[in-house]
Amino acid sequence: MRAVSSIITVLSAAAVVVAQTTIQVGSTAAAAGGIFQFIPSNITAANGTTVTFMWSGAPGNHSVTQSSLDSPCQPLPNGFDSGFVFIPTPATSGIPSWNLTITNDQEPIYFYCGQLVPAPGHCPLGMVGTINAPTTGNASWEAFWETAMGTAATTPGTPIPNLSGVGANASAAPGPLTGSGVSGAGLPTASGASSAAPPSSSATSASTSPSPTTSASAAVLLSANGITAMIAVLFGIALM
Ligand SMILES: *[C@@H]1O[C@H](CO)[C@@H](O)[C@H](O)[C@H]1NC(C)=O
Ligand SMILES: *[C@@H]1O[C@H](CO)[C@@H](O)[C@H](O)[C@H]1NC(C)=O
Ligand SMILES: *[C@@H]1O[C@H](CO)[C@@H](O)[C@H](O)[C@H]1NC(C)=O
Ligand SMILES: *[C@@H]1O[C@H](CO)[C@@H](O)[C@H](O)[C@H]1NC(C)=O
Ligand SMILES: *[C@@H]1O[C@H](CO)[C@@H](O)[C@H](O)[C@H]1NC(C)=O
Ligand SMILES: *[C@@H]1O[C@H](CO)[C@@H](O)[C@H](O)[C@H]1NC(C)=O
Ligand SMILES: *[C@@H]1O[C@H](CO)[C@@H](O)[C@H](O)[C@H]1NC(C)=O
Ligand SMILES: [Cu+2]
């Protein structure tokens with residue numbers, strides 16, 4: 001009996017220690033599944049687990065924004081939103097991260113990338129993820145993804161930067177933003193307000209900022225049109 005309870009103690013201690021998991025934000029055109037994805041796109045995470053989002057998909061300009069099963073590409077009222085992190089080229093160190101702590105593992109958490117450039121936006125191109133969603137059925141990641149892919153004609157809503165979400169929250173904005181060319185836009189602050197101008201709700205104005213002299217790799221995400229992006233998603237080709 002003592003041996004059994006010791007093993008249980010060791011196992012539960014281990015479970016506490018490993019309560020951390022990582023999701024990559026964005027990928028590359030050459031990767032399977034293309035640029036517009038979270039990897040992995042679906043996880044389970046118990047209360048207290050830290051989910052660390054890593055902006056290692058570069059070049060890219062992505063957000064982690066909470067939504068709902070029915071409206072995959074619209075921000076959820078009172079949902080979390082990381083704001084946008086821009087990475088011009090693959091960073092070898094200092095990749096920005098964002099730590100989200102799970103506070104309710106009983107309800108699925110749905111999220112998307114709120115970037116609208118290139119049109120129709122990353123969410124309608126399939127950049128959505130789930131935490132604690134059922135593995136099958138109409139509330140699964142796959143069902144959520146299919147709904148997102150069908151929203152191409154709908155303009156995604158403007159995310160509202162917030163560290164606090166429904167069933168999960170963070171205590172700091174994404175960081176560090178010290179790498180070469182790395183920047184943030186519409187990042188949340190501890191008071192819930194945005195530290196910068198909120199992102200534009202229009203792809204047109206978003207594409208005018210910043211200057212068009214950005215590097216070719218940045219132009220990939222700032223000026224490629226939706227059809228090209230779709231083809232890139234389907235065939236994994238470079239957007240040039
Ligand atoms: C952030 O979320 C909290 C909790 O839901 C809410 O009280 C607050 O108003 C939100 N802040 C903003 C800027 O929306
Ligand atoms: C996680 O926390 C939520 C909110 O407090 C609670 O309802 C739920 O029962 C907790 N989950 C577990 C497995 O205890
Ligand atoms: C979970 O995500 C992976 C990709 O990360 C996908 O291939 C798989 O179909 C998803 N599973 C479910 C149950 O949705
Ligand atoms: C999901 O399926 C359940 C039954 O399995 C049904 O009650 C529910 O309305 C469905 N929800 C959606 C959004 O289709
Ligand atoms: C984080 O979530 C917990 C549980 O829902 C809540 O009590 C707490 O106030 C939240 N923290 C912030 C900063 O919103
Ligand atoms: C997220 O957590 C990791 C591991 O504790 C830490 O190294 C990193 O600095 C955190 N990121 C932020 C933005 O706080
Ligand atoms: C990243 O995207 C946001 C939202 O579209 C935009 O406001 C910001 O200017 C972009 N950053 C760069 C460096 O392009
Ligand atoms: Cu994105």
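Along the sequence shown, the residues carry numbers beginning at 1. Counting starts at 1 for both ligands and their atoms, in listed order. None of these values were measured; they are calculated from a predicted model.
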Quick note on ligand 3: atoms under 4.0 Å from a heavy atom of T135 include exactly 13 (C)

(message) For the CH2 atom on W141, are there more than 12 heavy atoms of other groups (residues, nucleotides or ligands in this structure) within a distance under 6.0 Å?
(response) yes

- Quick one: are the C113 and C123 sulfurs under 2.5 Å apart? no

For E142, the atoms of ligand 3 under 4.0 Å from one of its heavy atoms are 14 (O)

* Any donor-acceptor pair under 3.5 Å from S63 side chain to S82 backbone -> no

Result for side-chain contact (heavy atoms from CB on, under 4.5 Å) between N169 and one of T103, L163, N162, I102 points to T103

One finds that the ligand 3 atoms under 4.0 Å from a non-hydrogen atom of S41 are 1 (C), 2 (O), 3 (C), 4 (C), 5 (O)

Determine whether a donor-acceptor pair (N or O, by modelled atom type, separation under 3.5 Å) exists between the side chain of N47 and the backbone of D105. yes

The remaining residues in the hydrophobic cluster of I95, counting side-chain heavy-atom contacts under 4.5 Å among Ile, Leu, Val, Met, Phe, Trp and Tyr, are M54

Hits for side chain to side chain contact (heavy atoms under 4.5 Å, CB included) against I23, two or more places apart or cross-chain, chain-then-number order -> F38, P40, I43, V51, F53, F111

A student checking ligand 1 against N78 at a 4.0 Å heavy-atom cut-off should list atoms 5 (O)

Does ligand 3 have an atom under 4.0 Å from some heavy atom of I39?
no

Within the structure provided, determine whether T49 and T101 are in side-chain contact (heavy-atom separation under 4.5 Å). no

**Q.** Heavy-atom side-chain proximity of L187 to P174 below 4.5 angstrom
**A.** yes

Under 4.0 Å from one or more heavy atoms of S164, ligand 1 contributes atoms 2 (O), 4 (C)

Here the atoms of ligand 1 under 4.0 Å from any heavy atom belonging to N162 are 1 (C), 2 (O), 3 (C), 8 (C), 10 (C), 11 (N), 12 (C), 14 (O)

Show me the donor-acceptor pairs within less than 3.5 Å that the side chains of residues 127-135 make with the rest of the protein, sequence neighbours left out.
unit_1 : atom_1 : unit_2 : atom_2 : d
N132   : OD1    : A45    : N      : 2.7
N132   : ND2    : A45    : O      : 2.9

Exercise answer, ligand 6 polar atom pairs (N/O) under 3.5 angstrom:
unit_1   : atom_1 : unit_2 : atom_2 : d
ligand 6 : 2 (O)  : N99    : OD1    : 3.1
ligand 6 : 2 (O)  : N99    : ND2    : 2.3
ligand 6 : 11 (N) : S97    : OG     : 2.8
ligand 6 : 11 (N) : N99    : ND2    : 3.0

In ligand 1, the atoms that come under 4.0 Å of a heavy atom of I160 are 14 (O)

